[in-house]
Asks: 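Have a look at the structure that comes next, please.
The structure presented is a predicted model; accordingly, all values stated were derived computationally and were not measured. In each ligand, atom 1 is the first atom listed, and ligand 1 is the first ligand listed. Numbering of residues begins at 1 and proceeds along the displayed sequence.
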Amino acid sequence: MPVLVMKFGGTSVADLARIENVARKVLREVDRGFDVIVIVSAMSGKTNELVGWVESTSKLYDAPEYDAVTSSGENVTAGLMALRLQEIGVPARSWQGWQVPINTTSAHGSARFISIPRENIDAKFAEGFKVAVVAGFQGVSAEGRITTLGRGGSDTTAVAFAAAFGAVRCDIYTDVDGVYTTDPRITSKARKLDRIAYEEMLELASLGAKVLQTRSVELAMRYKVRLRVLSSFEDSDDTSGTLVCDEDEIMESKVVSGVAHSRDEAKLTLVRVEDRPGIAAAIFGPLADAGVNVDMIVQNISDLEHPADKRAYTDMTFSCPTNQVLRAQKAMEDARSAGLFAFANLVVDSDVAKISVVGIGMRSHAGVAAKMFSALAAENVNIKVIATSEIKISVLIDRKYMELAVQALHDAFDLDKVG
Ligand code: ADP
Ligand code: ASP
Ligand code: MG
């Protein structure tokens with residue numbers, strides 16, 4: 001039997017009525033002759049609640065226990081979905097990560113897949129079960145502890161199962177009907193894309209477009225999984241939604257394809273660190289060891305030969321997610337106490353957002369940066385940090401201008417227009 005993977009996000013399984021709604025979508029695919037692997041998220045808001053409970057109990061929490069608690073939301077929806085499918089006559093069985101088993105690394109909170117053996121689920125299909133309902137977002141480490149894959153990780157579970165079972169397609173059902181030129185909640189001018197290249201989707205996801213978890217796009221690209229994003233609230237057929245596919249399957253060619261934003265950014269500046277060989281390694285080593293995901297880095301111009309001691313000093317600015325600021329501060333204070341380096345002050349700005357424009361056309365077109373900066377200037381938005389790569393330009397700005405900046409860039413690059 002051909003296998004189809006269907007993933008339902010939190011809003012799609014938010015209550016029993018919605019679980020019934022998506023169970024009927026699964027039934028339709030079973031009736032079309034598929035063995036279906038359903039991946040479910042926790043009910044919407046559940047994982048946030050569980051994370052909140054962990055953080056209220058322990059500020060710098062133990063990661064294995066964070067995973068023990070936060071993985072539980074998916075167990076509930078997997079069981080409920082299997083029950084609902086049975087009620088409408090579909091032989092279905094639920095699977096928690098350890099039962100498959102979904103083998104992952106021991107990096108709690110951001111574990112990666114090692115292997116997904118097919119035997120157990122295949123054996124159930126062979127017995128006549130038509131659907132395997134798998135709890136997303138979780139796995140099991142070699143030590144036998146439950147792990148989680150990072151927020152939004154059920155998308156990655158879905159793609160990994162599609163690769164492991166050679167699925168004809170991996171359908172990601174969510175609360176929007178596809179991938180848009182920007183988050184449709186920010187501007188009504190956002191336009192749904194019929195297709196988007198893996199590379200562009202990868203950049204958009206990693207720059208904050210949470211419609212797909214970054215790692216899921218990476219896996220889809222590596223294993224050539226046909227990945228589709230569509231709405232669980234609308235009727236759909238094989239052409240609905242947005243297909244994430246190879247660049248050469250795409251007709252539309254724009255220099256910039258989308259605008260992404262990330263709200264939860266913080267900018268930290270170490271003021272007056274000595275400017276000497278090895279200083280960057282001394283700063284970013286301890287940050288990495290503390291699990292801080294440093295994103296942008298700027299080393300400011302050096303103050304050569306300070307009159308007081310004739311040494312050179314500089315300021316070092318970097319950005320990281322807001323929920324890692326405490327860890328970053330502690331890592332820097334500890335490094336200072338251990339004598340790795342000195343600094344005058346650590347200035348934290350937790351009110352910034354990152355806005356990015358993305359497009360594979362940027363490889364062969366000049367002037368995108370200039371256009372982006374003038375559009376922001378026209379709105380009087382100050383740019384704090386800039387970073388570029390081959391197919392994206394990102395800026396950090398004050399968070400209060402985030403929506404305005406996204407709208408201005410969407411207009412400047414004519415993203416509401418086709419072609
Ligand atoms: P789920 O719970 O189904 O996993 P998510 O909330 O993780 O859903 O992702 C869907 C949301 O992603 C949408 O509601 C939308 O606000 C947001 N989003 C951000 N950028 C985009 C984009 N470019 N296209 C579509 N949705 C986007
Ligand atoms: N429930 C998890 C989260 O909210 C995983 C997911 O929904 O993809 O992050
Ligand atoms: Mg999601």
Asks: Could you name each residue pair satisfying ring-ring contact (aromatic ring centres under 6.0 Å, His included) that touches residues 23-71, not counting sequence neighbours?
Replies: Tyr61-Tyr66
Asks: May I ask you to say whether Arg191 pairs ionically with Asp414, meaning some side-chain N is under 4.0 Å from a carboxylate O?
Replies: no
Asks: Within a reach of under 6.0 Å around NZ of Lys25, are more than 12 heavy atoms found that belong to other residues, nucleotides or ligands?
Replies: yes
Asks: I'd like to know if Arg336 pairs up with Asp334 as an ion pair, taking the criterion as any Lys NZ or Arg NE/NH1/NH2 lying under 4.0 Å from an Asp or Glu carboxylate oxygen.
Replies: no
Asks: Is Asp238 salt-bridged to Arg169, going by a charged N under 4.0 Å from an acidic O?
Replies: yes
Asks: Applying side-chain contact (heavy atoms from CB on, under 4.5 Å), run through Leu415 and Lys254 and close with a yes or a no.
Replies: CA-CA 9 Å; Leu415 294 183; Lys254 280 213 164 204; 4.2 Å; yes
Asks: Near ligand 1, which protein residues have a heavy atom under 4.0 Å away?
Replies: Lys7, Gly9, Gly10, Thr174, Asp175, Val176, Gly178, Val179, Tyr180, Thr182, Asp183, Pro184, Arg185, Ala209, Lys210, Val211
Asks: Check this for me: does any side-chain nitrogen of one of Asp183 and Lys210 sit under 4.0 Å from a carboxylate oxygen of the other?
Replies: no
Asks: Anything under 3.5 Å between an N or O on ligand 2 and a protein N or O? List each pair with its distance, or write none.
Replies:
{"unit_1": "ligand 2", "atom_1": "1 (N)", "unit_2": "Thr47", "atom_2": "OG1", "d": "2.7"}
{"unit_1": "ligand 2", "atom_1": "1 (N)", "unit_2": "Glu74", "atom_2": "OE2", "d": "2.6"}
{"unit_1": "ligand 2", "atom_1": "4 (O)", "unit_2": "Thr47", "atom_2": "OG1", "d": "3.4"}
{"unit_1": "ligand 2", "atom_1": "4 (O)", "unit_2": "Arg151", "atom_2": "NH2", "d": "2.9"}
{"unit_1": "ligand 2", "atom_1": "7 (O)", "unit_2": "Ser41", "atom_2": "OG", "d": "2.9"}
{"unit_1": "ligand 2", "atom_1": "8 (O)", "unit_2": "Gly152", "atom_2": "O", "d": "3.4"}
{"unit_1": "ligand 2", "atom_1": "8 (O)", "unit_2": "Gly153", "atom_2": "N", "d": "3.4"}
{"unit_1": "ligand 2", "atom_1": "8 (O)", "unit_2": "Ser154", "atom_2": "N", "d": "3.0"}
{"unit_1": "ligand 2", "atom_1": "8 (O)", "unit_2": "Ser154", "atom_2": "OG", "d": "3.2"}
{"unit_1": "ligand 2", "atom_1": "9 (O)", "unit_2": "Arg151", "atom_2": "NE", "d": "2.6"}
{"unit_1": "ligand 2", "atom_1": "9 (O)", "unit_2": "Arg151", "atom_2": "NH2", "d": "3.4"}
{"unit_1": "ligand 2", "atom_1": "9 (O)", "unit_2": "Gly152", "atom_2": "N", "d": "2.9"}

Asks: Regarding Lys7 and Asp155, does a basic nitrogen lie under 4.0 Å from an acidic carboxylate oxygen?
Replies: yes
Asks: I need the full list of ring-ring contact (aromatic ring centres under 6.0 Å, His included) pairs touching residues 152-196, with sequence neighbours left out, sorted by first then second residue.
Replies: Phe8-Tyr173, Phe161-Phe165
